[in-house]
Amino acid sequence: MATTIDRRVVELLAAFHATILLLLALALPAAAAADETGDSLYIVHLRSAPPLTGYHGGIPGFPATASNPLSRLGTALNRAGRRIRRRLPRLDLKLPHVKAFVNMLDRLQAKVAKDVGLANDKLLHSYKVVSNGFSATLSPKQVADLLRHPDVASVTASVRQSPLTSHSPEFLGLPGSLWKENGGQGNAGEGVIVGIVDTGIWPEYPSFSDNVSLPYADIPARWKGVCSATADFPATACNKKLIGARYYTLGLTAAKQAVETSKGDFESARDSMGHGTHCAGIAVGNSGVEATGFSSPISGVAPRARLAVYKVCWLYSDSIGCEDADIEAAMNDAVADGVDVISLSLGSPGGNYLEQMIYMRAYLAGVAVVMAAGNSGRPPAPGSWQQLSNTSPFVLTVGASSIARQQAKLVFPDSTELRGFSLIFFDIQAPLFGPTLAAAADGTTAGGTVAGSGAGLGTGSGTGSGAGTGAGAGAADGNNDKQYCARNSLTAEEADNKIVICMLGGGVTVDEVLQEVNRNRGLGVVLVGGDNQEVKDSLYTQSLPLMIISSDKKEELFTLAETHGEAQLLSKVELKSDMAAPTVAKFSSAGPTIAPTATPSRPNNNNDVLKPDVIAPGVKILSPWRPADVLSAPSDLLYRAASGTSMATPHVAGLAALVIQKVGEGWSAGQVMSAIVTTASGKNRLGKPIGRELEREAATPWDMGSGQVTPAQMLDPGLTFEMDEKNCYGFIAGQATAPGNYVPSGLSVKAIKGYELNRPNIAVSKLKGSVTIMRRVKNVHSETCRYTSSVQNMTDVSVTVKPTAFVIEPGKELEFSVQLTPLRGTNKFSYGGITWRDDKGHEVKMVLEVQPSNNPKSKPKPKKKRWA
């Protein structure tokens, strides 16, 4: 051994490695460039020890170097013999124990470099603080050697790029629109506070750290919130990024439930479920964070916005619950604390007066509230309409859309490629996930040791001593569970640091496959047989790099794996942009909506509010999750690609923060929400109507509202709509459960229907005769504009706009009317829109959704459409 490492250290590290992987791997990649020798720049991460900021203790003789450990490794006994949490100082490289750990990391890195013949002049950076590794210019042979090295976690080509949250910010066009308008990604969201009401936060993720290259300014003076500290959520968990954290247990107590600490929940703002952490990362997570186990740096939509979390959801005995009482308390606190945007990825179908009131008052207080539409899909029949959650007109309700898919491939040492399907959007052109993919039975062959547990094709003995030609231990040793990577079928020796081949079947779900491989520290999965389109489109949660190949490639895969014993898994080498994207996700809840507890005297008015308002990326979104084991820290910090309207909602919350950052105090919450709605698009990349996933038909406004959010136009929408106080309370007056004392003193209101709210879109149910609806708009452009209206696609309903054109000065408001008259009583919704275009390039889109009754009062003759 050229570099001597103390044998005791090696033995301790080996034991330590059984319980901890690389906790943090934050490194900002530079551009990949070849030097005069043809070598290229790579980043090498080691798995043999964590970095300084990820080391919470556990190796005898080496005290923790990370501050504020959360595990028992960082505790001590007080004089009374009780275990207390020991607070360690901030990272100080001059402290003796920190120096000792730094020296050990130096020796580990030097050994790896020496093992592959890497000269000192090829080494560029040594990472020890937030990642353990180095950057270097490497030859192709050195890359291959490093991939085989047992101490190497990953070798990643370094490229110059913009960090992204999975693929979604790029897909939305943020780099050239809202990020650019707000001073670039590094400044996007600065000064805005976003509140996440959810399952809490796991604050140790780099996404929520204020220890970043561009320091955060002081916390905004308007912030009045608190950081509720507990034994497992110290006050230092909050910082200039994560500025507030609260938790609410009274609803839990009222249900006669205790916090399920034995199951891993925490009586604090700490997140045991991952949902809240994931949503927070999507909305405001720091930029340039490397997601451990994935090659793509990630970023929130508003990466410089400040974060406040409100934990309202808990593990009950048999479920996860979020009590309304706790949610309302959180809403009250959030508004009082000074948040600008609230994101709630919670809800259940329907609603009530109480929800309408708290969201309306948040709206009037200037807080933009963004909520999830739910994951119940389309209503199965008109008689069971209420699939949607969060139908209040005072919030932005968000459905989920897909983003462009891609291809992945396995590249073997002889350059042979096997292509497949990938669902995670890696943003490095040549990510290298794992060092080995061998394909033999349980023993060795000329090709190497087993990496996959595929459907054995072998004819050898059950133990696979080398005589077999099989591609896995699955059929060779008679263990059918192994070929499917079923729970507890693999061992760490088989899967550790390998790409694992698994067959689809045996009653084992894809998520169970990923969990089993992840549990045994595999680097990725090649799933054989997942070529069914419905299977592909239903893979909504992913915790490891995954490539799906069709069954007809199985034998070729096994033969290549047996021959070479290793391969590279590359994703987004050739991004296959799905030009039909976006589509509405199959699971995304759709309308129509119905009013809560409607009565004959107070009829169904919520059906006259179009929901969802918009759709946003909600399929396969990569973000922080939670540690691998919340009960035994330290544990790997997991990142997960998850799907749901829960993931779509924080995208829009982040967009609202970016709009607020740019317009400052000049716009109300209603105007911010209006700008997001009127600039959304109902067309896909091909310019055709957005469709619904797995269905060969166009989506309707009940599926997607105004359509996919379009950031490029949000800061200059031309005209904005806003509901004033009288308008809002008038809607409440029309609700079935509204009490008599809800109106503020001195405000006189009359009950109105949902379509009379001054919202951008118009939805009218059971239209029996002509109705005239008023709208008021404000010119937010800096110049006087002349607008002209046009009506699109309406059938069975006559639409008359007055005036058809108008001139409006900057900052001024005016009204126009929309008259709707049924032409024939179909009792089916007719979909269309009104577009206001001006001489400055603005297009203000209003969606129309009208249900002409099958018993109309008047039946005028059809008129030809007039396009202004």
Side-chain angles (χ1 to χ4, degrees), residues 169-184 188 396 582 613-616 652 655-656 658-664 666-668 670-690 701 704-722 758-762 775-793 799 801-816 818 832-848 865-868:
E170 181 184 50
F171 184 77
L172 291 174
L174 284 175
S177 58
L178 288 184
W179 281 353
K180 181 179 179 181
E181 291 290 337
N182 284 303
L396 273 176
D613 292 287
V614 291
I615 54 174
V652 177
L655 291 174
L658 295 177
V659 174
I660 291 169
Q661 178 191 8
K662 185 66 176 179
V663 301
W667 288 10
S668 67
Q671 289 180 285
V672 171
M673 295 159 67
S674 170
I676 293 173
V677 171
T678 61
T679 58
S681 175
K683 301 295 181 65
N684 62 22
R685 287 183 168 187
L686 294 174
K688 297 180 179 180
I690 290 175
M704 64 178 180
S706 293
Q708 177 85 349
V709 289
T710 309
Q713 283 80 46
M714 288 178 185
L715 295 181
D716 187 17
L719 304 173
T720 58
F721 298 74
E722 182 181 11
N758 198 46
R759 290 166 47 86
N761 298 329
I762 297 175
R775 286 293 186 265
R776 174 174 288 270
V777 292
K778 182 177 183 177
N779 181 11
V780 294
H781 189 63
S782 59
E783 301 177 61
T784 298
C785 303
R786 178 180 178 83
Y787 280 92
T788 304
S789 65
S790 62
V791 179
Q792 298 87 39
N793 302 329
V799 181
V801 180
K802 292 183 179 180
T804 58
F806 57 77
V807 176
I808 184 169
E809 297 177 359
K812 298 297 183 179
E813 298 183 3
L814 59 75
E815 288 186 336
F816 61 89
V818 178
I834 300 170
T835 301
W836 290 96
R837 294 181 176 89
D838 73 353
D839 52 346
K840 304 297 187 297
H842 298 113
E843 289 191 1
V844 183
K845 296 183 283 290
M846 301 174 60
V847 172
L848 301 180
K865 292 182 181 179
R866 297 183 62 185
W867 299 82

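When reading the values below, keep in mind they use all heavy atoms of this one structure, side chains included, and skip hydrogens, waters and symmetry mates. Quantities reported herein were computed from a predicted structural model and do not represent experimental measurements.
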ask   = If you round to the nearest 0.5 Å, how far is CE of M846 from CH2 of W836?
value = 8.5 Å

note = Nearest heavy-atom approach of R837 to S790 is NH1-OG, 3.1 Å

query = Where do Q671 and V659 land on the side-chain contact (heavy atoms from CB on, under 4.5 Å) test, with the steps shown first?
reply = CA-CA 10 Å; Q671 289 180 285; V659 174; over 6 Å; no

Heavy-atom closest pair, residues K778 and G811 = CE-O, 3.6 Å

task = Taking all non-hydrogen atoms of both residues into account, name the closest pair between L396 and I676 and its distance.
result = CD1-CD1, 3.8 Å

note = Smallest heavy-atom separation, A675 atom then P717 atom, equals CB-CG, 3.8 Å

query = Any idea which heavy atoms bring S681 and I690 closest together, and the distance?
reply = O-CD1, 3.5 Å

ask   = How far apart are the closest heavy atoms of V799 and I834, and which atoms are they?
value = CG1-CD1, 4.3 Å

task = Please round to the nearest 0.5 Å and tell me the distance separating atom SG of C785 and atom NZ of K812.
result = 14.5 Å

remark   = Sequence neighbours excluded, the answer for salt bridge (charged side-chain N to carboxylate O under 4.0 Å, His left out) partners of R775 is none

message = Rounded at 0.5 Å granularity, tell me how far CD in E843 sits from CD in Q713.
response = 8.5 Å

message = Is the shortest side-chain heavy-atom distance between D613 and R759 below 4.5 Å?
response = yes

remark   = Between the OG atom in S674 and the CG atom in L719, the distance rounded to the nearest 0.5 Å is 8.5 Å

ask   = Is K840 reaching over with its side chain to a backbone N or O of T784, donor-acceptor style, under 3.5 angstrom?
value = yes

query = Got a second to check how far T679's OG1 is from Q708's CD, nearest 0.5 Å?
reply = 11.0 Å

Atom pair CG (N779) and CD (E809), whose distance is rounded to the nearest 0.5 Å = 9.0 Å

key: Stepwise side-chain contact (heavy atoms from CB on, under 4.5 Å) test for V844 and F721   = CA-CA 10 Å; V844 183; F721 298 74; 4.1 Å; yes

task = Assign the ring pair F816 / F806 to parallel, tilted or perpendicular, where the plane angle (0 to 90°) is split at 30° and 60°.
result = parallel

inquiry  = I need the single residue from D838, T804, T835 that forms a side chain to side chain donor-acceptor pair (under 3.5 Å) with Y787. Which is it?
reply    = D838

query = In chain order, what residues pass the side-chain hydrogen bond (donor to acceptor under 3.5 Å, both in side chains) check against E813, with sequence neighbours excluded?
reply = R776

inquiry  = Under a plain distance cut-off of 3.5 Å, with no hydrogens placed, do T720 and E722 share a side-chain donor-acceptor pair?
reply    = no

